[in-house]
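First the structure, in the form of structure tokens, and then the observations on it.
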Amino acid sequence: MMTPRPTITAEMLAAIIDAAPSRVRKRLDREPNAASTWQWNRDGLCWVISAGEETVRLTGNSNHEITQPKDITCSCLLTPKCFHVLACVTLLPLASGNDSSPSKDEDQTAGETALPDEQIEITAAMRQTAIESMHAIDGVMVSGARASGVIIQSSLLRAAHQARAEGLVHLSAALIRIAEGIQRLRRSDDHTDCELLRSDTVTAIDAANELLGEQTILSAKLGFLRRQFSPTGVKRLAGILAEPILTLSGFAGVVTHLTGDDGQIYQVVETRPGDVALIGQAYRGGIELGGTTASAQILSRSHMDVQNMSCSPDGRLGKGSKTRWVIEPSRGSAAPRNPPLSARWTAPLRDQVAAVFDLAHEPDWKRRGGWDLVSIQGKILGAHGLGVAFELDESDIQLTVGISIDHAALPFRENLQMLARCPGLKVEMLGRVRLERAGWIDGLSLRTFSDDLVLPDSWAGRCHLGLDRLQRQYFRHATRFATEVDDAHQQAPSATIAGAASQVDLFPGLDRRCTSLVIGGRGSIGPIASTTHRRDHARLISRGQIAAADILDAVAMACSEAPAVRRREGEIQYTDQFRRPLVLAAAEQYLRAARGFYEREKWMRVVG
């Protein structure tokens, strides 16, 4: 297990990059992954890096964050403006600076800060921050993320720091994610996700553009440095599911989903900075709940009487000292269900999926945790590609149960492989709808009332697929090898729909150009007179996609323009100055709306 490295604040990293000589920055641009080959050793709160004949020391605070110049030293004469320091600090994960990520959910009333639906006046400083953010994003789109060296990364980090200082939490977080995505891309990291980088870029553009175009804005759109909690009247809770959390930003842990006597879904979250090893600790270790302690393994299989509860808008429960928890663990494989607490998933699957798509169009801050979960009942058919074929009860509808997090340290893959060896096994499963892949649900938890599967008594009849490990002896009838279910055995609609929608080119050339603009920069987009552009434009026109063809032209024309230059005299309108970012955001909005409609229709055909 690799010990997590310390984090560094965005403003600190930007200051180090700006202070470094030009020749040092150019060397790092040529060797962005240099420090990964050096030896890193931890000594308490200090990290000692052996960089050839030199030694770099990084000293973090109690939260393992590097926040001050004195925290970084090097044995060479150029410290702290040397290549060794710059190579090391650019390899560190960025501190989010947002208290909503850690698991310590303290009691805090909404009255201490602005309410989520309160209108906030946009100040001149906020607008200036938005302009700086747009300049930084346009710099990425000019050179492309793949060629965005430390200078462009520094501009993103400075804008992120300025945004956080002005209370623009969502904009700051998006800019930091862009910088992290660029670093992963340039290092050829295994976790590089170009589509996620494009999404984060559009999120930052939208956040900055709204600040430039409005006089007031909802406080929820700005974000909060601390997660807000307000009193809730829930008195009784029942655990239904625990699932692992593993983020690219360096957090790991477990979230426990519970249903309340008010019909709402709530979460108890236990996360900390670290790697996948923390997931098992969070699942089986103790979570402080008021005056008591319980593990997520127990909470997810218990009924609870609670008092003095507080809740954030997204459904996360407070765990402060004022809360009171009386936990009644369920025992045995035939633990009773409480019908009022599971009423959400008694609707037909078609209605459940429709509700998920309705919520998918809502802003993130309006959605509660668990909004995309559904319940299915049926039987296992066998293996189907990278998942398990599943047939719903009393229908011929067939779905595919997939892997939520494909990591070697998590039992998702092993558990699905075991289930694929048990055709005919009847189970009830909770899973997450894959909006972009009709007919696929990521399995998270299952229970069975059949004697063909006997789970340990401590599991109370339910297996959390990402945290519990199924054993061969739990199954009465398991084949030696999994039976592959061919597409030809599925019903006709499913057979044509079960593939990933991302493999379908809904808008020839447009989707690809949006990604190319972020990754390769404006130089990767052919001019409007190019053969490739004319071909894709003609295909869109022939398919009746006139709006998409117009957007394709707009992208090409925006990329043909020179980079925006600030004028010393006269004021430039931001809509002209930032044409590339705004065209990308408009194209993405169009693609998301069209893709959402397409995916919903595909899903509705699958579920009948």
Ionic contact status for Glu588 with Arg198, cut-off 4.0 Å: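 Yes, charged N to carboxylate O under 4.0 Å.
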
Residues Glu180 and Arg177 bridged, charged N to O under 4.0 Å: no

With distance as the sole test, does [X] use its side chain to make a donor-acceptor pair with the main-chain N or O of [Y] at under 3.5 Å?
X	Y	result
Arg367	Ala360	yes
Thr203	Ser199	yes
Ser516	Arg512	yes

Aromatic centroids of Phe412 and His407 separated by under 6.0 Å: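 No, they do not, as the ring centres are separated by 6.0 Å or more.
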
Residue pairs passing the salt bridge (Lys or Arg N to Asp or Glu O under 4.0 Å) test where at least one lies in residues 69-93, sequence neighbours excluded: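 Listed by first then second residue: nothing to list.
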
Salt bridge (Lys or Arg N to Asp or Glu O under 4.0 Å) contacts touching residues 549-560 (sequence neighbours left out): none

CG/Asp43: more than 12 non-hydrogen atoms of other groups inside 6.0 Å: no

Pi-cation contact, Trp371 with Arg368 (under 6.0 Å, within 45°): no

Closest approach of Glu214 to Arg127 (non-hydrogen atoms, all atoms of both residues):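 Smallest heavy-atom distance, with atoms named: O-NH2, 2.7 Å.
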
Parallel, tilted or perpendicular: ring planes of Trp47 versus Trp40, cut at 30 and 60 degrees: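 Answer is perpendicular, since the angle exceeds 60°.
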
